[in-house]
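What follows is a set of notes on a single structure, which appears directly below.
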Amino acid sequence: MSSKPKKKSASRASASRPVSVVTGAAGFLGSHLTDLLLSKGHRVIGIDNFVTGSLQNLDHLAGNTDFRFIEQDVTEFLFLDEPVSHVWHFASPASPIDYAQLPIQTLKVGSLGTHKALGLAKAKGARFLLASTSEIYGDPLVHPQREDYWGNVSTIGPRGCYDESKRFAEAITMAYHREHKLETRIVRIFNTYGPRMRLNDGRVVPAFVSQALKNKPITVFGDGSQTRSFCYCSDLIEGIYRLMMGKDPLPVNIGNPTEMTVLEFAREIINVTGSRSRVSFKALPQDDPKQRKPDIGRARKLLKWAPKVSLVEGLPPTVAYFREQLDKTGRSR
Ligand code: UDP
C-alpha cells in the first residue's frame with residue numbers, strides 16, 4: 001500500500017500533462033501557437049513540410065525538451081506512438097499568392113490533410129481544432145460577417161482552391177463531430193499580422209511594410225477602397241486557445257473588428273515607418289473581397305475574448321521584425 005500512492009501520483013502527473021500536435025508548426029501562426037502552448041505547460045509535437053513554413057520560426061526552440069519536430073506532409077498518414085490530448089490543424093498555404101502558386105497542395109492539405117489530422121485525433125481520443133478562415137465567406141454580401149452567414153464563394157475562381165478546401169475542412173470536421181462524437185472546434189481566422197510573417201508571402205502587411213522600408217512604391221490594388229481589419233498575432237492565438245479549451249463545436253470568428261480601407265492602411269504604414277514611399281495603384285486581383293470585418297459577438301460571449309492590441313501597438317514590433325529580415329537578406333532585393 002505504501003508505495004502505491006507514489007506510483008499513482010507520478011503516473012497521474014504524466015497522464016494529465018497535455019500533449020498537443022500542431023500541424024503547420026513552422027508557419028507564422030503555428031509557431032506562435034506552439035510558443036503559447038509551451039508556456040501553458042503543454043508538450044508540443046510540431047509537424048510541417050516547409051512548403052510555406054520556415055525553420056527559422058522554430059529556431060528559438062532548439063534544445064527545448066518539451067518540443068519535438070517532425071518534418072512531414074500532413075496529407076500523408078500521421079503515426080505517433082505516444083498519447084495526444086489536443087490536435088491543432090494549422091497547416092496550409094494561407095496567402096493569396098501562395099495558394100495561387102500551390103492550388104493543388106492547398107486543396108490537398110485542406111481536404112486530405114484535415115482528414116488525416118482528424119483521424120489522428122480520433123485514434124488518440126484527442127480534441128481537435130481546425131484553423132478555418134474568413135475566406136469561407138468569400139466576397140461577402142453581409143457585413144460584418146457573422147458565423148451564420150453562408151458566404152459568397154466562386155468555386156472556380158483563383159481563390160476557390162483555398163476557400164473550398166477550408167469549407168470542405170469545416171464540413172468534415174463537423175462530420176467527425178457528429179458521427180464519431182469527436183470533440184471539435186472551428187476557428188474562422190480573419191486577417192492577422194505580426195512578427196514571423198514571411199517577407200515575400202504577398203500579403204498586404206509584409207508587402208506594404210517591406211516596400212515602405214525600402215522607400216519603394218506601395219502597391220495598392222484597385223482604388224484601395226476594399227476594407228480589411230487586422231488582428232495582432234498574440235490576440236488571435238489567445239482567442240484560439242480559449243476556443244479549444246471551451247465547449248462549443250460550432251465556428252467562432254476570431255479577428256479584430258477595427259475596419260479600414262487598404263488605402264488608409266497604406267498611409268498608416270508610411271507613417272509608422274517614416275517612409276518616403278508613395279502609393280502606386282495596381283490592378284485589383286480577381287475575386288478580391290470588397291469588405292471584410294468580423295462580427296466577434298460569439299467570441300465575446302463564449303470565450304470572454306476581445307482583441308487588446310491596437311494597430312498602433314502591433315505595428316512597431318512587426319515593422320522591427322521585417323527590418324531585421326530585410327537587413328539579413330539585403331534591402332536592395
Ligand atoms: N493588397 C494590396 N497590395 C498588395 C497586397 C495586397 O492592395 O501588395 C490588398 C489586396 O488586394 C486585398 C488586401 O490588400 O484587398 C488584403 O490582401 P491580403 O493578400 O493580405 O489578404 P486577403 O485579405 O485578400 O486574403
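Just so it is clear, the values below take in all heavy atoms, side chains as well, and ignore hydrogens, waters and symmetry mates. If you're wondering where the values come from, they're calculated on a predicted model, not measured in any experiment. In each ligand, atom 1 is the first atom listed, and ligand 1 is the first ligand listed.
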For a quick test of your reading: what N or O donor-acceptor pairs under 3.5 Å do the side chains of residues 115-123 make, sequence neighbours left out?
residue : atom : partner : partner atom : Å
His115  : NE2  : Tyr176  : OH           : 3.3

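- Taking a cutoff of 4.0 Å between a charged side-chain nitrogen and a carboxylate oxygen, Lys181 and Glu183 do not qualify as a salt bridge.
- For residues 72-94, the set of pairs meeting the ring-ring contact (aromatic ring centres under 6.0 Å, His included) definition, not counting sequence neighbours, comprises His42-His86.
- Looking at ligand 1, you won't find any N or O of Gln211 less than 3.5 Å from one of its N or O atoms.
- By the criterion of a heavy-atom distance under 4.0 Å, neither the backbone nor the side chain of Ile97 is placed next to ligand 1.
- For Glu135, the closest heavy-atom approach to ligand 1 falls below 4.0 Å.
- Counting heavy atoms closer than 4.0 Å to ligand 1, residue Arg159 contributes side-chain atoms (C-beta onward) but none from N, CA, C or O.
- Between Val220 and Phe265, the closest side-chain pair of non-hydrogen atoms is not below 4.5 Å.
- For Asp48 against Ala25, the heavy-atom pair with the smallest separation is OD2-N, 3.4 Å.
- No heavy atom of Ser95 sits closer than 4.0 Å to any atom of ligand 1.
- Residue Phe265 places every heavy atom at 4.0 Å or more from ligand 1.
- Distance CZ/Arg188 to CG/Leu243: 11.5 Å, rounded to 0.5 Å.
- Atom 7 (O) of ligand 1 has its closest protein heavy atom at Phe221 N, 2.7 Å.
- Of the candidates Val204, Val220, Asp98, Asp288, Val204 brings a heavy atom nearest to atom 20 (O) of ligand 1.
- By the 3.5 Å distance cut-off applied to N or O atoms, Gln226 is counted among the residues near ligand 1.
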